[in-house]
Number of protein chains: 2
Amino acid sequence: MKLDVIDRRILQVLQKEGRIANADLADKVGLSASACLRRMRALEESGIIASYVALLDQTKLGRRMDVFVEISLVGQSNEILEAFEKAVVRASEVMDCFLMAGDADYMLRVTAADPLDFERIHREQLARLPGVLRMKTSFAIRPIVRTTAFPMDTK
Amino acid sequence: MKLDVIDRRILQVLQKEGRIANADLADKVGLSASACLRRMRALEESGIIASYVALLDQTKLGRRMDVFVEISLVGQSNEILEAFEKAVVRASEVMDCFLMAGDADYMLRVTAADPLDFERIHREQLARLPGVLRMKTSFAIRPIVRTTAFPMDTK
DNA sequence: ACTGAAATCGCTAAAAC
DNA sequence: GTTTTAGCGATTTCAGT
């Protein structure tokens, strides 16, 4: 599916204002409401728009810490990787997890209220992940940039 | 602001379905439409709900790579940190950036279409960041978990 | 204080062009 | 792609718990 300029403008707006009324979106991109809605539905059905979500303020929820955890496994066989991945998707406090190139390691991001809370998460969730050889944790002090929006060419 | 069980259920739903109709949300949490809307507005005004966004499928946009970049600066003085942070917020392809504990380093996540595209981003955006002593890049192969939703107690 | 019910208003979504 | 239109959801008001 190829996107023209208007599609990209629609995506640009929706990436910042996911709950904007269709009528307002139509105004912003210079389209009638029905044409705009048709495009929006097409973008949803194609899967380019994966979902709409509310983003919460993590400090206001008391989750002040972001912690990065680099994990090395005891081996790289399919069984070991799959067992780890199955378990990590069930670890509810793991926000992100990537399989990394190089050492076939994983990079995780976990949020916690404070160091004590991280200790709990470590004990209850991270320590139970199977096949872990080594974990290296790095604490973030402060987020500088957090964005979910990809840059869009709207020239 | 304190959240009761219904507030947390509202947040839990909105973190997954950010564009749900208020009437449907009211059904899900067992409230009338007007009561539900009032709570939702209160959560927005308090800032607990920071924003609503559309999440796009990055592979469908051709952004197949996630790259982590760890950056060490030439010093930790306020001027150096501030200059770096001001520049990094303007680097449009930097999705996340955290000030890290320990070595007063930064951890960045950048998305790129492919290695060549990353080279462009490196040249145009990362190499221009001020005060950088050393950069260590790590490539992700595949995302295992990507979530923006914090776990909510809804007992 | 917070709920639910009712009335109004505006938007969505489909049809026609 | 636009305009039109019917119907439904959002929002406000008001009264009850």
Side-chain angles (χ1 to χ4, degrees), chain A residues 1-63 148-155, chain B residues 1-57 60-62 147-155:
Chain A
M1 179 176 182
K2 45 193 295 198
L3 305 174
D4 66 12
V5 188
I6 295 180
D7 290 319
R8 288 196 296 269
R9 294 205 59 199
I10 289 173
L11 293 175
Q12 186 176 45
V13 173
L14 287 175
Q15 283 191 114
K16 292 292 177 194
E17 299 174 67
R19 232 184 136 91
I20 191 174
N22 177 62
D24 295 339
L25 177 61
D27 275 353
K28 287 209 181 193
V29 303
L31 231 55
S32 68
S34 52
C36 185
L37 186 66
R38 266 197 298 268
R39 277 169 182 266
M40 190 172 141
R41 292 285 177 260
L43 291 166
E44 291 165 359
E45 267 146 47
S46 73
I48 289 175
I49 296 177
S51 63
Y52 298 93
V53 301
L55 299 181
L56 308 189
D57 182 326
Q58 73 187 83
T59 68
K60 292 208 165 100
L61 291 173
R63 302 213 157 221
T148 57
F150 299 103
M152 287 282 152
D153 268 1
T154 53
K155 199 170 3 143
Chain B
M1 180 174 181
K2 46 192 290 196
L3 306 174
D4 66 12
V5 188
I6 295 180
D7 290 319
R8 288 196 296 270
R9 294 204 60 198
I10 289 173
L11 293 175
Q12 186 176 46
V13 172
L14 287 175
Q15 282 191 114
K16 292 290 177 195
E17 299 174 67
R19 229 184 140 91
I20 190 173
N22 177 60
D24 295 340
L25 177 60
D27 275 353
K28 287 210 183 195
V29 304
L31 229 55
S32 71
S34 52
C36 185
L37 186 67
R38 263 193 304 268
R39 277 168 181 265
M40 188 172 143
R41 292 284 177 261
L43 291 166
E44 290 165 0
E45 266 145 49
S46 72
I48 290 175
I49 296 177
S51 62
Y52 298 94
V53 302
L55 299 181
L56 308 188
D57 183 327
K60 292 208 165 101
L61 291 173
T147 191
T148 57
F150 299 103
M152 285 283 152
D153 268 1
T154 53
K155 197 166 7 136

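Proteins come first, then strands; the chains are lettered A, B, ... in the order of their sequence lines, and each starts at number 1. Quick caveat: nothing in here was measured; it's all calculated off a predicted structure.
Considering only residues two or more places apart in sequence or on other chains, A/N22 meets the side-chain contact (heavy atoms from CB on, under 4.5 Å) condition with A/A33, A/C36, A/L37, A/M40. For A/A35, the side-chain contact (heavy atoms from CB on, under 4.5 Å) criterion is met by A/L31, A/S32, A/R38, not counting sequence neighbours. In terms of the side chain to side chain donor-acceptor pair (under 3.5 Å) criterion, A/T154 has no residue partners (sequence neighbours excluded). Every residue two or more places apart in sequence or in another chain that forms a salt bridge (charged side-chain N to carboxylate O under 4.0 Å, His left out) with B/D57 is listed here: B/K60. Remark: A/R19 engages no residue in a side chain to side chain donor-acceptor pair (under 3.5 Å) (not counting sequence neighbours). Residues satisfying the side-chain contact (heavy atoms from CB on, under 4.5 Å) criterion with A/D27, sequence neighbours excluded, are absent altogether.
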What nitrogen or oxygen pairs link the protein and nucleotides 7-10 of chain C at under 3.5 Å?
none

Exercise. Can you give one letter per nucleotide of nucleotides 1-17 of chain D, 5' to 3': B if a protein heavy atom sits under 4.0 Å from the base, S if only from the sugar-phosphate, - if neither?
Worked result: BBB------SSB-----
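Scanning all heavy atoms of the two residues, the minimum distance from B/Y52 to B/G18 falls at CD2-O, 3.6 Å.
Axis deviation across the helix from C/dA1-D/dT17 to C/dC17-D/dG1 amounts to 30°, comparing end segments of five pairs, rounded to 10 degrees.
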For residues 8-16 of chain A, please give each side-chain donor-acceptor pair under 3.5 Å, one per line with the distance, not counting sequence neighbours.
from: A/R8; atom 1: NE; to: A/D153; atom 2: O; distance (Å): 2.5
from: A/R8; atom 1: NH1; to: A/L3; atom 2: O; distance (Å): 3.0
from: A/R9; atom 1: NH1; to: A/K28; atom 2: O; distance (Å): 3.4
from: A/R9; atom 1: NH2; to: A/K28; atom 2: O; distance (Å): 3.2
from: A/Q15; atom 1: OE1; to: A/F150; atom 2: N; distance (Å): 2.8
from: A/Q15; atom 1: NE2; to: A/F150; atom 2: O; distance (Å): 3.0

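The shortest side-chain heavy-atom distance between A/R39 and A/D4 falls under the 4.5 Å cut-off.
A donor-acceptor distance shorter than 3.5 angstrom exists from the side chain of A/Q58 to the backbone of A/R63, with no hydrogens or angles considered.
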For this session: For side chain to side chain contact (heavy atoms under 4.5 Å, CB included), just list the numbers for B/L61 and A/M152, CA-CA rounded to whole Å, side-chain angles, deciding distance to a tenth of an Å, and then say yes or no.
Result: CA-CA 10 Å; B/L61 291 173; A/M152 287 282 152; 3.9 Å; yes
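For A/E44 and C/dT12, the CD to C1' distance is 13 Å, given to the nearest whole Å.
Contacts of residues 45-54 of chain A with DNA chain C (heavy atom under 4.0 Å): none.
The structure places CZ of B/R41 at 12.5 Å from OG of B/S46, a figure rounded to the nearest 0.5 Å.
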